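As structure tokens, the structure follows; a few thoughts come after it.
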Amino acid sequence: PTHPRSSLSSLAKRWSPSHPVHRACAFSLLSSQRQWHARHSGLINLAMIILALTNFRLALENALKYGWRLNPVSLFHIVKKSNPTLLLCLPAAVLAAFASLAVERLAFALMCREEPLRKAARVAAAQWRLAK
């Protein structure tokens, strides 16, 4: 039979402050170096889809039960009377959206044009290595 003090002393020795708790170094869960999102991106996407569908279902249910309470024409007149500078920002927002779309299409076109050049460079590099 073990003495109660001996079990306490072994427990104290095992959990002493000088004894390391973790054996291997690991990044923090909140660190950007952890790469958690790469392994769980499917789970995050599923959660976002469920969240969006649930909120859409609630909005649709309320619209069917109470009707649409928002009239865009009356909203336009209210904004026009209360804050006309907001209406001046609307064309700038539309212009920014179209400019963003144009930049995206230009980048896509440049990437499509660049891909054959990359393939040709890879072939040339491989031929150079073989000739060397």
Side-chain angles (χ1 to χ4, degrees):
T2 61
H3 195 269
R5 285 190 179 218
S6 66
S7 65
L8 283 176
S9 65
S10 67
L11 182 67
K13 188 184 290 183
R14 192 168 29 146
W15 295 105
S16 68
S18 62
H19 185 70
V21 176
H22 302 289
R23 303 278 182 212
C25 292
F27 291 113
S28 169
L29 290 174
L30 301 176
S31 173
S32 63
Q33 299 168 345
R34 179 137 175 108
Q35 298 295 328
W36 181 85
H37 57 86
R39 289 183 287 155
H40 301 293
S41 62
L43 185 64
I44 293 172
N45 288 341
L46 178 65
M48 290 300 131
I49 289 170
I50 290 172
L51 184 66
L53 289 177
T54 303
N55 286 331
F56 178 74
R57 182 191 63 82
L58 287 173
L60 185 63
E61 184 179 306
N62 282 340
L64 292 175
K65 186 174 181 180
Y66 300 113
W68 295 104
R69 303 261 180 186
L70 181 67
N71 184 1
V73 176
S74 66
L75 183 65
F76 177 77
H77 288 300
I78 291 170
V79 169
K80 184 177 161 185
K81 288 178 184 175
S82 65
N83 194 359
T85 55
L86 188 61
L87 289 178
L88 294 174
C89 293
L90 186 62
V94 171
L95 181 66
F98 280 118
S100 174
L101 181 65
V103 167
E104 291 288 331
R105 288 191 180 222
L106 179 65
F108 182 73
L110 288 175
M111 285 175 53
C112 288
R113 190 181 301 168
E114 198 174 275
E115 188 60 34
L117 294 174
R118 286 185 186 168
K119 286 180 183 177
R122 281 189 218 125
V123 169
Q127 288 174 351
W128 182 76
R129 279 190 217 119
L130 289 176
K132 198 176 183 184

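Bear in mind that the values here come from a model prediction, so they are computed numbers and not experimental data. For this chain, numbers begin at 1 and follow the sequence in order.
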Next on the checklist: Could you work out, with salt bridge (Lys or Arg N to Asp or Glu O under 4.0 Å) as the rule, every residue matching R57, not counting sequence neighbours?
Outcome noted: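 Applying salt bridge (Lys or Arg N to Asp or Glu O under 4.0 Å) to R57 gives E61.
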Checklist entry - So, the side chain of T54 versus the backbone of I50: is there a donor-acceptor pair under 3.5 Å, distance only? => result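 Yes; judged by distance alone, with no hydrogens or angles, the pair exists.
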Rounded distance (nearest 0.5 Å) linking atom [atom1] of [X] with atom [atom2] of [Y]:
{"X": "I78", "Y": "N83", "atom1": "CD1", "atom2": "CG", "answer": "12.5 Å"}
{"X": "L87", "Y": "S82", "atom1": "CG", "atom2": "OG", "answer": "8.5 Å"}
{"X": "E115", "Y": "L110", "atom1": "CD", "atom2": "CG", "answer": "13.0 Å"}

Checklist entry - Apart from L64 itself, which Ile, Leu, Val, Met, Phe, Trp or Tyr residues share its cluster (side-chain heavy atoms under 4.5 Å, direct or through members)? => result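 For the cluster that includes L64, the remaining residues are F56, L60.
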